[in-house]
Colleague: 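The structure that follows is given in the form of structure tokens.
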Amino acid sequence: MRRYGPAVLLLLTGGAVLRISLFSDLYLRYVQAALRPYLVISGALLMVLGAVAAVRGMLHGDHEGEHEGEHEEEEAHSHGGPRIAWLLTLPALALLLFPPPALGSYSAGREQAQLAAQGVGTFPALPAAKVLDISVAQYSSRAIYDTGHSLKGRTVRMTGFVTHGSNGAWYVTRLVVTCCAADATTSKVEIRGTESDDAPQTDTWVTVTGTWLPKGKLGTDGAWPPLLDAKTVTQVKQPADPYEKR
């Protein structure tokens, strides 16, 4: 059975990659949508390599009796290695059966407090709409840096997961990625207009509709985090792609 170790590891890893990228949208928990073709190709190659390794193992088994004496000494010296190597199948098996969830409030809380960078400017005009759908990151940028106050008087709608701060404050939060979950940073908007006792639980996904509340001087630490005067807060399912893109 020892000779099939590499084949099993390759097949498990390839199967796990194909499961999250080809047969579901689970890969969006870890990387951007544009990387899907590369994951599918990688998973397929791992499966092919695993099949080749399995065939080679079977062929080796057919001739094992002829060379049994030659391998006894070598096997005695490497007795502990293959057993340890089998432990490498555990992460692949875990990914195949129990894919880890997307990053959430724990990851957002571990990031150092974000400080508004000095420097402000004007932003492009927002689309004309009675209720404007906007990302958490876009709202934060405009609320903190936009000297044109493009959010003033606009009703906006954004979706994110709930995180909690001190003194009963709670936030709509999203993790923003460039490539994958490993480079994620946090954007969040403090929600006002609701009682702290009515705040949703941590990691609950919500869609919030409301209007901008000015805070602090633009381009300074005092403008962070931006505020939203909420009119409605609706619990929703986690989107297939939980991250926002830079």
Colleague: Would you mind reporting whether V136 and E244 have side-chain heavy atoms less than 4.5 Å apart?
Modeller: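 With C-beta onward as the side chain, the pair touches.
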Colleague: Run through T232, V172, V236, I191 and flag the one making a side-chain contact (heavy atoms from CB on, under 4.5 Å) with V206.
Modeller: V172
Colleague: For R36 and S21, indicate whether the former's side chain and the latter's backbone hold a donor-acceptor pair under 3.5 Å.
Modeller: yes
Colleague: Looking at G222, is its backbone amide N or carbonyl O close enough to the side chain of K217 to form a donor-acceptor pair, meaning the two atoms are under 3.5 Å apart?
Modeller: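 Answer holds: no.
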Colleague: Could you please spell out the steps behind the side-chain contact (heavy atoms from CB on, under 4.5 Å) verdict for I20 and Y30?
Modeller: CA-CA 10 Å; I20 65 172; Y30 320 115; 4.0 Å; yes
Colleague: Looking at V208, L213, T211, which hits side-chain contact (heavy atoms from CB on, under 4.5 Å) with L228?
Modeller: V208
Colleague: Please assess L18 against L46 for the test side-chain contact (heavy atoms from CB on, under 4.5 Å), listing each intermediate value before the final yes or no.
Modeller: CA-CA 10 Å; L18 289 178; L46 289 171; over 6 Å; no
Colleague: Which label fits W212 and H149: parallel for a plane angle under 30°, tilted from 30 to 60°, or perpendicular past 60°?
Modeller: parallel
Colleague: So F161 and P242, do their side chains get closer than 4.5 Å, heavy atoms only?
Modeller: no
Colleague: Report the C-alpha separation of I144 and W224 in whole Å, then their side-chain angles, then the decisive distance to 0.1 Å, and conclude whether the side-chain contact (heavy atoms from CB on, under 4.5 Å) test is met.
Modeller: CA-CA 7 Å; I144 296 173; W224 171 263; 3.4 Å; yes
Colleague: Go through L126 and R154 one step at a time and tell me if the side-chain contact (heavy atoms from CB on, under 4.5 Å) criterion holds.
Modeller: CA-CA 9 Å; L126 290 168; R154 299 299 303 270; 3.7 Å; yes
Colleague: Donor-acceptor check, side chain of R174 to backbone of S135, threshold 3.5 angstrom: yes or no?
Modeller: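 No, because the side chain of R174 does not come within donor-acceptor range (under 3.5 Å) of the backbone of S135.
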Colleague: Any salt bridge linking D229 with R192? Criterion: basic side-chain nitrogen under 4.0 Å from a carboxylate oxygen.
Modeller: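 The answer is no: the pair does not qualify as a salt bridge.
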Colleague: Just by distance, do the side chain of T204 and the backbone of P200 share a donor-acceptor pair under 3.5 Å?
Modeller: no
Colleague: Any donor-acceptor pair under 3.5 Å linking the side chain of D146 with the backbone of G148?
Modeller: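 Between the backbone of G148 and the side chain of D146 there is a qualifying donor-acceptor contact (under 3.5 Å).
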Colleague: If we ignore hydrogens and angles and just use 3.5 Å, is the side chain of T173 paired with the main-chain N or O of V162 as donor and acceptor?
Modeller: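 Checked: no pair found.
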Colleague: Side chains of T159 and T207: any donor to acceptor distance under 3.5 Å?
Modeller: yes
Colleague: Side chains of M47 and L11, heavy atoms from C-beta outward: is any pair under 4.5 Å?
Modeller: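 Counting from C-beta outward, M47 and L11 do come under 4.5 Å.
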